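Remarks on the structure that follows.
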Amino acid sequence: MDNKFYVGYSSIHKLVKSLAHRLMESGFDPDVIVAIGSGGFIPARIMKTFINRPILAVGISYYNLDHKHMTHPQKIQWIDETEKQLEGKKVLLIDEVDDTRMTLSYCVRELLSNNPKDIAVLVLHNKKKKKDADFPPQITRYFAGLDIEDLWIKYPWDADDIDAHDRNEQLMLSGGTQSSKEQ
Ligand code: G4P
Ligand code: MG
């Protein structure tokens with residue numbers, strides 16, 4: 001379990017709720033959520049419970065549809081016809097993790113080309129590390145649920161055995177070192 005950071009559905013739900021409160025307190029009232037798939041889908045849907053805004057989904061990946069790894073993140077799915085509706089809108093961009101920041105910054109730049117009024121970036125987890133890309137200066141609002149060390153995060157949607165996953169989260173939270181079967 002060393003060097004892995006387990007997070008369960010319930011913790012994610014609570015983290016998103018706290019992020020929704022921080023968002024409201026900041027005065028940023030988005031018109032639309034843009035979810036970066038696939039990791040951003042479930043966090044974005046939970047956020048909708050608290051702020052009740054529509055979700056647009058985008059797919060950005062280092063892998064194309066033939067599973068080939070590329071040197072830069074690329075669009076595998078985009079907003080297409082609705083893209084122009086972003087003009088003048090306040091966008092809340094949601095992903096699960098800010099790791100290298102390559103995907104997030106690419107997505108922000110693409111969204112900016114549609115002249116939104118403002119974009120806020122929101123992630124569940126930010127890894128405290130040197131990033132490979134920066135956000136453009138237009139991005140002044142950034143919300144991370146948790147800032148964590150550079151560990152591999154185990155999200156519940158990747159779990160084969162969700163009970164073992166949850167046990168590992170509890171072990172981790174209680175400071176235990178033994179890992180349950182789910183790795
Ligand atoms: P960033 O801009 O958000 O920092 O993303 P980056 O390009 O660095 O991430 C590349 C892929 O690696 C992303 O998946 C991201 O979700 C995933 N990733 C990075 N760190 C972790 C981690 O600690 N745990 C897990 N589970 N995933 C991590 P992707 O290509 O967008 O795929 P998807 O899983 O979101 O579909
Ligand atoms: Mg992702």
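Counting starts at 1 for both ligands and their atoms, in listed order. If you're wondering where the values come from, they're calculated on a predicted model, not measured in any experiment. Nothing fancy with the numbering, it's 1 onward along the sequence.
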(message) Please list, in number order, the atoms of ligand 1 under 4.0 Å from a heavy atom of Leu104.
(response) 2 (O), 3 (O)

(request) Report yes if Tyr155 has an N/O atom closer than 3.5 Å to an N/O atom of ligand 1; otherwise report no. (result) no

(request) Under 4.0 Å, heavy atoms only, figure out whether ligand 1 is touched by the backbone of Lys127, its side chain, both or neither. (result) side chain

(message) Within the supplied structure, the quantity of interest is the number of heavy atoms (other residues, nucleotides, ligands) at a distance under 6.0 Å from Lys131 NZ; does it exceed 12?
(response) yes

(message) Given the ring of Phe135, does Arg141 sit roughly above its face, with NZ or CZ under 6.0 Å from the centre of the six-membered ring and within 45° of the axis?
(response) no

(request) Determine, stepwise, if the pair Asp98 / Tyr142 fulfils side-chain hydrogen bond (donor to acceptor under 3.5 Å, both in side chains). (result) CA-CA 11 Å; Asp98 179 354; Tyr142 174 87; 2.6 Å; yes

(message) Going by side chain to side chain contact (heavy atoms under 4.5 Å, CB included), name the residues that satisfy it together with Ala35, two or more places apart in sequence or in a different chain.
(response) Phe41, Ala44, Ile55

(request) Would you check if the distance from the ring center of His125 to the ring center of Tyr155 is below 6.0 Å? (result) yes

(request) Find all atoms of ligand 1 within a distance of less than 4.0 Å from any non-hydrogen atom belonging to Gly39, and give their numbers and elements. (result) 33 (P), 35 (O), 36 (O)

(request) Just jot down the ligand 1 atoms closer than 4.0 angstrom to any heavy atom of Leu151, in number order. (result) 23 (O)

(message) Within the structure, is a non-hydrogen atom of His125 found at a distance of less than 4.0 Å from ligand 1?
(response) no

(message) Checking contacts now, so for atom 6 (P) of ligand 1, which I'm interested in, is there any protein heavy atom under 4.0 Å?
(response) yes

(request) Say whether, by atom type as modelled, one donor and one acceptor occur between the side chain of Asp95 and the main chain of Val123 under 3.5 angstrom. (result) no

(message) Looking only at protein heavy atoms, which one is nearest to atom 36 (O) of ligand 1, and what is the separation?
(response) Ser38 OG, 2.4 Å

(request) May I ask you to identify the nearest protein heavy atom to atom 24 (N) of ligand 1, giving residue, atom name and distance to one decimal place in Å? (result) Ile153 O, 2.8 Å

(request) Please confirm whether Glu96 comes within less than 3.5 Å of ligand 1 when only nitrogen or oxygen atoms on both sides are compared. (result) yes

(request) Answer yes or no: are there more than 12 heavy-atom neighbours, outside Lys14 itself, under 6.0 Å from its atom NZ? (result) no

(request) Note the single closest protein heavy atom to atom 30 (O) of ligand 1, along with its residue, its atom name and the distance in Å. (result) Ser61 OG, 3.9 Å

(request) Look up atom CG in Leu19 and atom CZ in Phe143, then write down how far apart they are to the nearest 0.5 Å. (result) 8.5 Å

(request) Check ligand 1 against Asp158 and write out every atom of the ligand that is under 4.0 Å from a heavy-atom position of the residue. (result) 26 (N)

(request) Kindly say whether the aromatic ring centers of His165 and Tyr6 come within a distance under 6.0 Å. (result) yes

(message) Are the side chains of Glu87 and Lys89 in contact, using a 4.5 Å heavy-atom criterion?
(response) no

(request) Could you find the nearest protein heavy atom to atom 1 (P) of ligand 1 and give me its residue, atom name and distance? (result) Arg101 N, 3.6 Å

(request) Indicate yes or no: does Lys129 engage Asp99 in a salt bridge with an N to O separation below 4.0 Å. (result) yes

(request) Before giving the answer on salt bridge (charged side-chain N to carboxylate O under 4.0 Å, His left out), spell out for Lys128 and Glu149 the whole-Å C-alpha distance, their side-chain angles and the decisive distance to 0.1 Å. (result) CA-CA 5 Å; Lys128 292 186 280 181; Glu149 299 306 320; 3.1 Å; yes

(request) For atom 20 (N) of ligand 1, state whether the nearest protein heavy atom is under 4.0 Å away. (result) yes

(message) If we count only non-hydrogen protein atoms and require a distance under 4.0 Å, does atom 34 (O) of ligand 1 qualify as touching the protein?
(response) yes

(request) Name the closest protein heavy atom to atom 3 (O) of ligand 1, giving the residue it belongs to and the distance to 0.1 Å. (result) Val97 O, 2.6 Å

(request) Measure from atom 13 (C) of ligand 1 to the protein's non-hydrogen atoms and state whether any distance is below 4.0 Å. (result) no

(message) Could you identify the single nearest non-hydrogen protein atom to atom 8 (O) of ligand 1 and state the distance to 0.1 Å?
(response) Thr100 OG1, 2.4 Å

(request) Specify whether the nearest protein heavy atom to atom 17 (C) of ligand 1 is under 4.0 angstrom away. (result) no

(message) Counting non-hydrogen protein atoms only, what is the nearest one to atom 31 (O) of ligand 1? Give residue, atom name and distance.
(response) Ile60 O, 3.8 Å

(request) Please confirm whether Ser105 comes within less than 3.5 Å of ligand 1 when only nitrogen or oxygen atoms on both sides are compared. (result) no

(request) First locate atom CG of Asn168, then atom CZ of Phe5, and finally report the distance between them rounded to the nearest 0.5 Å. (result) 13.0 Å

(request) Drop me the distance from Ser18's OG to Leu146's CG, to the nearest 0.5 angstrom. (result) 7.5 Å

(request) Please could you name the atoms of ligand 1 that Trp152 approaches to less than 4.0 Å, counting only its heavy atoms? (result) 18 (N), 20 (N), 21 (C), 22 (C), 23 (O), 24 (N), 25 (C), 26 (N), 27 (N), 28 (C)

(request) Give the residue and atom name of whichever protein heavy atom lies nearest to atom 9 (O) of ligand 1, and the separation in Å to one decimal. (result) Thr103 OG1, 4.2 Å

